[in-house]
Amino acid sequence: MIIIEKIGPQTLSLDLRDQVSASDIQAVDDAVRDLLEEDGKINLLLDLTGISDVSAGAVAEDVKVETALLPHLRRFGRIAAVTDKQWIATVMRAAGHLMPGLEYQTFDPDDRLAARTFVLDEGAAPETPVPAVRFLDPPHPHVLAYEIDGVIQQSDADAVIDRLNTMMAETPGEGRRISLLVRVTNFAGFAPSMLISGPLWTAKMAAIRNLHRYALVGAGGWMESLAKLADPVTTVEMKSFDADDEDDAREWVSEGL
C-alpha cells in the first residue's frame, strides 16, 4: 500500500508500506497528474522503510507510468528517499544522476526530518538579489551618475530615489537643476513588483520636474528608441551616446548646471 499526503505546495509524501500493488502506482500517478495541472516544480518525499514487496503488476504499472511522465521530467524539482536498505539507496542515487536538473538525496530512517526539510526547501537561506545599480563618480556635483548591470530590483530603484532626493534637498530653490547620466552595461529587466510601486512613480515624477539633461550611455536598441519617443513629451533633454563616447556624455550632461 501507499499512503499519499500533500505536505506542501507542489509537494507529496509517499509512504510505501507492505506490498505495493498496481493500484497503488496508479494512485501515485493520479496525484502527480493533479500537480502537473498547477504551476511550479513538483517535489516528492519517498519513505521506503516499510515496503516489503512489489507485485508484478506494480512493476509493470510503474514502467508504464514513468514512461508516460518522461516528457514532464523538467517539472520535478526535489526528491528525497528515506530507506534503511543500502541497495535501494544506491539505485535511487543512480537514478537521480540520470535526471539532469533534479535534486535527489537519500536519507536514513533516523533522518526523516532532514528529508522533509530538504524536499520542502525549508531552512534554505533566501537568495539576496544582486544589486543591478552601481553609482559612478559624477562629472559634476549636480549630476547623478550610475551604471545598470542586471535585473533592476525595488532596492535598486530605492537607492536611486534616495540619491535623487538628497541631491534635490541639497540644491534648494525653484531653479534647481539636476542631470542624470546612466551607463547601460547590461539591462536584464526589472522586478515585476516595481510596476505597482506608488512611491517609485511619485519619485520619478518629482525627479523629472527637476531634471535638466538625461544621458544614456551604451543603451542602443529599444532603449534609445524609447528615449527619443519620450523626448517630445518632457522638458528634459535626453540624448543617447555610444559606449565609447562616455566622455562626450559626461561633458554634455554637465553643461548649463
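No experiment lies behind these values; they were computed from the predicted model shown.
Annotation: side chain to side chain contact (heavy atoms under 4.5 Å, CB included) contacts of D29 (sequence neighbours excluded): Q26, R33, V65, L69. Listed by chain and number, the residues in a side-chain hydrogen bond (donor to acceptor under 3.5 Å, both in side chains) with D53 are Q19 (sequence neighbours excluded). Partners of R213 by salt bridge (charged side-chain N to carboxylate O under 4.0 Å, His left out), not counting sequence neighbours, listed by chain and number: E237, E255. For E38, the salt bridge (charged side-chain N to carboxylate O under 4.0 Å, His left out) criterion is met by K6, not counting sequence neighbours. Shown here are the side-chain hydrogen bond (donor to acceptor under 3.5 Å, both in side chains) partners of S55, two or more places apart in sequence or in another chain: there are none.
Two residues are said to be in side-chain contact when any heavy atoms from C-beta on lie closer than 4.5 Å; F107 and T83 fail this criterion. Side chains of V182 and I148 form a contact here, defined as non-hydrogen atoms less than 4.5 Å apart. In this structure the side chain of V184 reaches within 4.5 angstrom of the side chain of L216, judged on heavy atoms. Side-chain atoms of R112 and D47, non-hydrogen and from C-beta on, do get closer than 4.5 Å to each other. You'll find the side chain of L45 stays beyond 4.5 Å of the side chain of L12, heavy atoms only.
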Working for side chain to side chain contact (heavy atoms under 4.5 Å, CB included), residues V119 and I79 = CA-CA 6 Å; V119 82; I79 295 181; 6.0 Å; no

Tell me, with the steps shown, if L14 and V28 meet side chain to side chain contact (heavy atoms under 4.5 Å, CB included).
-> CA-CA 8 Å; L14 308 177; V28 172; 3.9 Å; yes

What do the steps show when you test L181 against Y214 for side chain to side chain contact (heavy atoms under 4.5 Å, CB included), and what is the final call?
-> CA-CA 6 Å; L181 184 145; Y214 190 156; over 6 Å; no

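Under the 4.5 Å side-chain contact rule for hydrophobic residues, I3 and V82 do not share a cluster. Linking ILVMFWY residues whenever their side-chain heavy atoms come closer than 4.5 Å, directly or via other members, leaves L144 and L136 in distinct clusters.
Applying the salt bridge (Lys or Arg N to Asp or Glu O under 4.0 Å) definition to pairs two or more places apart or across chains, those involving residues 7-17 are D15-R17.
Here CD1 of I51 is found 10.0 Å from OG1 of T49. Values are rounded to the nearest 0.5 Å. H140 contributes atom NE2, which lies 9.5 Å from atom NE2 of H212 (distance to the nearest 0.5 angstrom). Rounding to the nearest 0.5 Å places CG of N43 at 12.0 Å from OG of S13. If you take OG1 on T106 and CG on L46, they are separated by 11.0 Å, rounding to the nearest 0.5 Å.
Between the side chain of R183 and the backbone N or O of G218 there is no donor-acceptor pair closer than 3.5 Å. Panel note: side chain T11, backbone I7; no donor-acceptor pair is recorded below 3.5 Å. Using modelled atom types, no side-chain atom of D34 and backbone atom of A31 make a donor-acceptor pair closer than 3.5 Å. Using modelled atom types, no side-chain atom of R163 and backbone atom of V160 make a donor-acceptor pair closer than 3.5 Å. Without hydrogens or angle criteria, D247 side chain to A249 main chain gives no donor-acceptor distance under 3.5 Å. Between the side chain of Q10 and the backbone N or O of L35, at least one donor-acceptor pair lies under 3.5 Å. Not a single donor-acceptor pair under 3.5 Å links the side chain of D18 to the backbone N or O of M1.
With salt bridges taken as basic N to acidic carboxylate O contacts below 4.0 Å, one links R78 and D121.
Of all non-hydrogen atoms in V253 and P139, the two that sit nearest each other are CG1-CG, 4.1 Å. Taking both residues in full, the closest heavy atoms of P131 and D156 are given as CA-OD1, 3.5 Å, listed atom of the first, atom of the second, then distance.
Using a 30° and 60° split on the angle between ring planes, W252 and F241 fall in the tilted class, from 30° to 60°.
Side-chain polar atoms of D158 and S155 form no donor-acceptor pair below 3.5 angstrom.
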